[in-house]
There are 2 protein chains.
Amino acid sequence: MNSIVSLSYKELLAEFKNILKQNQLKFTSQREIILYTLYNNTQHFTSEDLYMLIKQEYPELSIGIATVYRTLSLLEENNIVSSISLGIQGKKYEIANKPHHDHNICETCNKIVEFENDEIEELQHTIAKENGFILTNHLMQLYGICKECQ
Amino acid sequence: MNSIVSLSYKELLAEFKNILKQNQLKFTSQREIILYTLYNNTQHFTSEDLYMLIKQEYPELSIGIATVYRTLSLLEENNIVSSISLGIQGKKYEIANKPHHDHNICETCNKIVEFENDEIEELQHTIAKENGFILTNHLMQLYGICKECQ
DNA sequence: ATTAAAATGAAAATCGTTATTAATTAACCC
DNA sequence: GGGTTAATTAATAACGATTTTCATTTTAAT
């Protein structure tokens, strides 16, 4: 499982094609446009968001909501996108083509600011160890009111 | 908004009655039993879990799943219970009558271990501040494999 | 006790997501 | 390039969790 961090779109596309081939899956225009759209929009999308954007940007493309769900799952399984669960707002996806980070979320305007903190990452490992857990993953979301909404 | 941490059941019940009165809501046996059950079971419940347990423990009580959903929402709005969103497993509720803590969750058996770490809490405030946010809340879940499942 | 407002259970509706299906398309072979 | 086969698709049905609707019951204040 290679990291895709900082790949160019061309490299990312090649990586995706490799994964498809290895799994005897096919490269389709729907899959390409989903990847392309995620690459060029670093925001966080729900499946519905992404579906609506693609419908709007590519009116000639035939695409169904089920395909968006299927493709996002496929991309997530292969670590090309990652997701966060935002309670009432549902699951949001973002391209994994950036370093690990957590999220600072505005409760008023839903803006998401990404951050990274090594000290917390270390503490998380220590805590898990104390509890007898092997840490495999974590979720950290800081909710608040952003500067513009205060 | 007072903290209910460490209240006795009697005090908690009085607090709940106050909240109801202030909002012109009524005190019912269903609401009382839901609160009582949460108080005496510090585990994490889905709405369905709680509904099943109450049906079993109080067969003479008429209660519907919709009432459980309604009451848990009401209790959460008033900070008497808190909830965590566990991705595929759905939303789980616990009584808020205990000090703040986060959750260490086993991906195999779904066991939840609670922990508290002041250092992380402090860092979270620092990070939010750096991002221009006023921190109102946070979510931290550490996923891993527990000792028994390793 | 009377009465008005709120709460209830049961069932229907809704929401986000997944599975089914028949038609289409990509990939491989010649 | 055309033929073949398996994968993919869009549309729609199905699904599970949650919410709403509504007619009936219960609470709380008089």
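Here the structure is a predicted model, which is why all the values come from computation and not from measurement. Lettering follows sequence order; numbering is per chain, from 1.
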Using atom [atom1] of [X] as one end and atom [atom2] of [N] as the other, report the distance to the nearest whole Å.
X	N	atom1	atom2	answer
A/D49	C/dC15	CG	C1'	15 Å
A/Q22	D/dA7	CD	P	16 Å
A/Y93	C/dG16	OH	P	14 Å
B/I33	C/dA7	CD1	P	17 Å
B/I63	C/dA10	CD1	P	11 Å
A/R31	D/dA10	CZ	C1'	14 Å
A/E76	C/dT17	CD	P	12 Å
B/L72	C/dT8	CG	P	12 Å

Verdict with reasoning, B/Y39 to B/Y9, per ring pair (Phe, Tyr, Trp, His ring centres under 6.0 Å):
CA-CA 7 Å; B/Y39 186 86; B/Y9 178 65; 5.3 Å; yes

5'-most by nearest nucleotide on DNA chain C - B/N23 or B/G64:
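Result of the comparison: B/N23.
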
Report the C-alpha distance between B/K91 and B/E76 in whole Å, list the side-chain angles of each, state the deciding distance to 0.1 Å, and finish with yes or no for salt bridge (Lys or Arg N to Asp or Glu O under 4.0 Å).
CA-CA 12 Å; B/K91 201 171 182 180; B/E76 185 170 29; 3.4 Å; yes

I'd like to know whether OH of A/Y58 has more than 12 heavy-atom contacts from other residues, nucleotides or ligands below 6.0 angstrom.
yes

Below 4.0 Å: OP1/OP2 of D/dA10 and any side-chain N or O of A/Q30
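Answer yes for this pair, as a side-chain N or O of A/Q30 is under 4.0 Å from OP1 or OP2.
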
If you compare all heavy atoms of [X] against all heavy atoms of [Y], which two are closest, and at what distance to 0.1 Å?
X	Y	result
B/E32	B/L13	OE2-CD2, 3.7 Å
A/C146	A/K111	SG-NZ, 3.3 Å
B/D49	B/H44	OD2-O, 4.1 Å

5' to 3', nucleotides 18-30 of chain D under a 4.0 Å protein heavy-atom cut-off (B base, S sugar-phosphate only, - none) gives SBBB-----BSS-

